[in-house]
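Scope of the values below: all heavy atoms of this structure, side chains included, with no hydrogens, waters or symmetry mates. Residue numbers run from 1 in the order of the sequence given.
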Amino acid sequence: MITDDLLPSGVRDQLPGWTIAPGGKPGTVALTGGLFFSDGDGVTVLLRVSGQEVLASDAGVAAMRLSDAGVDLGGGRAARAWADILDGYHLKEIHGRITGRRSIHCAGALVADIAGAVLSTDSLKWLAQGGRESPLERSLYAFLSSAHLEFQKRPSVRLPRGAEVRPTARVNAPKREVIVQAASSKQAAEHALVLVQQLARARYSLDQRFVLLGGNVDEWSPDQLDLLADNASVGFASDMRMVDAFLKEGKKPPRLWTQDID
């Protein structure tokens, strides 16, 4: 049973939106919130109060997900990127766990940093595979050029704690800047979800985050589409007129996959 006495009120008040539950060890709590991986797993942060400090970790989940995906953190590009991300959030790796220690007055910021680092490092599964343009990306760039929309390929977007992400494109739409991430596979869509969640932390509003999926709506899982659409506008390569209307007019794309059950 979840109770309100698991944390001091001064710490608990810093964690709006987080659900607090026993963490499995005396003095440790498990925090879950509104951040999710595309496979449906939620981001969990373990937190413990020690005097006037708080200690937090991801329990090794980030490194384990990368290991399961075949990413070697022992050296090379992925290891350097891992270290850079943790440094950007002012965190450390201890025995495979992303960890941090802050003043008790900074508990909320520490939890947000651990969660942000977990999502950022999860994207290394795809960064490690190389950066060649996919057919969907080439198609997107050709469309943007033909639509006379100014854009930048693979821009560097800096997150609040210093880490950087590189989405597919930054589009200078008539009314606002839009970050576009293209995805033509389930794995690429998982990366897209992580990226748009990160962009939300960088203060990009919902109508500035767009995911372009390959094919049409029938080729994608409704559950995965729901997760994406909760964090960004979603369009399909089979209907670029809708993409044009979103970018030029700000017209929100409909959730086509829900129409049969509404």
message = The criterion is side chain to side chain donor-acceptor pair (under 3.5 Å); which residues satisfy it with Asp230, sequence neighbours excluded?
response = Arg255
note = Residues passing the side chain to side chain donor-acceptor pair (under 3.5 Å) test with Asp226, sequence neighbours excluded, are Trp257
Listed partners of [X] passing side-chain contact (heavy atoms from CB on, under 4.5 Å), at least two apart:
X      : result
Ser221 : Asp223, Gln224
Asp207 : Arg176, Ser205
Lys153 : Glu133, Tyr141, Phe151
Ala112 : none

Cut-off 3.5 Å, no hydrogens considered: what does the side-chain donor-acceptor table look like for residues 49-64, sequence neighbours left out?
{"from": "Glu53", "atom 1": "OE1", "to": "Arg101", "atom 2": "NH1", "distance (Å)": "2.9"}
{"from": "Ser57", "atom 1": "OG", "to": "Ala59", "atom 2": "N", "distance (Å)": "3.1"}
{"from": "Asp58", "atom 1": "OD1", "to": "Gly60", "atom 2": "N", "distance (Å)": "3.0"}
{"from": "Asp58", "atom 1": "OD1", "to": "Ile98", "atom 2": "N", "distance (Å)": "2.8"}
{"from": "Asp58", "atom 1": "OD2", "to": "Val61", "atom 2": "N", "distance (Å)": "3.3"}
{"from": "Asp58", "atom 1": "OD2", "to": "Ala62", "atom 2": "N", "distance (Å)": "2.8"}

query = Applying the 4.5 Å side-chain criterion to the ILVMFWY set and letting contacts propagate, would Leu212 and Val194 be lumped into a single cluster?
reply =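 Cluster IDs for Leu212 and Val194 differ.
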request  = Would you mind listing every ring pair (Phe, Tyr, Trp, His ring centres under 6.0 Å) that reaches into residues 162-185, with sequence neighbours excluded?
outcome  =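 Passing the test, one end in residues 162-185: no pairs.
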Where at least one partner belongs to residues 90-99, residue pairs that pass salt bridge (Lys or Arg N to Asp or Glu O under 4.0 Å), sequence neighbours excluded =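 Found none.
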request  = For residues 103-113, pull every pair meeting side chain to side chain donor-acceptor pair (under 3.5 Å), keeping only residues two or more places apart or in separate chains.
outcome  = Arg102-Asp113, Asp113-Arg161
key: Counterpart residues, salt bridge (Lys or Arg N to Asp or Glu O under 4.0 Å), relative to Glu177 (two or more places apart)   =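 Applying salt bridge (Lys or Arg N to Asp or Glu O under 4.0 Å) to Glu177 gives Arg170.
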Enumerate donor-acceptor pairs with a distance under 3.5 Å from any side-chain N or O in residues 241-252 to protein atoms, sequence neighbours excluded.
{"from": "Asp244", "atom 1": "OD1", "to": "Lys248", "atom 2": "NZ", "distance (Å)": "3.3"}
{"from": "Lys248", "atom 1": "NZ", "to": "Ala147", "atom 2": "O", "distance (Å)": "3.3"}

